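A short write-up of the structure that comes next.
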Amino acid sequence: MKNKKDNIFEEIYKIVKKIPCGKVATYGQIAIMIGNPRLSRVVGYAMSSCPYKDVPCHRVVNRFGELAKTFGENGSEEQKIRLENEEVYVEESGCVDLKEYIWNGK
DNA sequence: ATATTGACGGGCA
DNA sequence: GTGCCCGCCAATA
């Protein structure tokens with residue numbers, strides 16, 4: 001039998017690591033994949049923790065499609081570069097075209 | 001130990 | 001159509 005509850009973080013990381021390069025996913029979408037659309041907050045928190053370097057948190061954006069400015073000291077600057085490095089165009093606002101780069105889940 | 005916050009999202013009034 | 005409130009988990013004060 002399983003523990004009372006497996007770390008929800010692990011569920012999140014598992015999905016985030018599943019994001020293909022050149023694509024981005026929203027917290028809500030990831031949260032839904034976990035099984036609870038309201039876990040969006042936990043998803044964001046898991047990213048802020050980001051203990052696993054295998055988790056491309058820079059590919060995870062909010063529902064507006066903009067990157068997390070709390071990524072680091074440089075803000076979304078480095079994150080923006082990473083996305084552009086993966087063929088993902090990012091605006092100066094740190095916003096990407098969801099309709100173009102949104103991860104379809106496959 | 002408890003309370004509040006925190007990279008959000010969705011539902012309801 | 002707009003605005004406000006609630007929910008979830010973990011970490012920090």
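Below, chains carry the letters A, B, ... as their sequence lines are ordered, and counting in each starts from 1. None of the values given here were measured: they were computed from a predicted structure.
Listed by chain and residue number, A/Val16, A/Lys23, A/Ala25, A/Arg59, A/Val60, A/Trp103 satisfy the side chain to side chain contact (heavy atoms under 4.5 Å, CB included) test with A/Ile19 (two or more places apart in sequence, or in another chain).
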Exercise. Which letters describe nucleotides 4-10 of chain B, given B = protein heavy atom under 4.0 Å from base, S = only from sugar-phosphate, - = neither?
Worked result: --BBBB-

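Here C/dC8 presents its P atom at 21 Å from CE of A/Met33, a figure rounded to the nearest Å. As a whole-Å value, the separation of A/Ile34 CD1 from C/dC9 C1' is 10 Å. As rounded to whole Å, 7 Å separates atom C1' of C/dC8 from atom CG of A/Asn36.
Distance noted for atom P between C/dC6 and B/dT4: 14 Å (whole Å).
At distances below 3.5 Å, at least one donor-acceptor pair connects side-chain atoms of A/Ser48 with backbone N or O atoms of A/Tyr45.
Counting only heavy atoms from C-beta outward, the side chains of A/Thr26 and A/Asn62 never approach each other to under 4.5 Å. Residues A/Asn36 and A/Val42 have side chains not in contact (no heavy-atom distance under 4.5 Å, counting atoms from C-beta outward). Side-chain atoms of A/Glu66 and A/Val61, non-hydrogen and from C-beta on, never get closer than 4.5 Å to each other.
For A/Lys17, the NZ atom counts as densely surrounded, since its 6.0 Å shell holds more than 12 non-hydrogen atoms of other residues, nucleotides or ligands.
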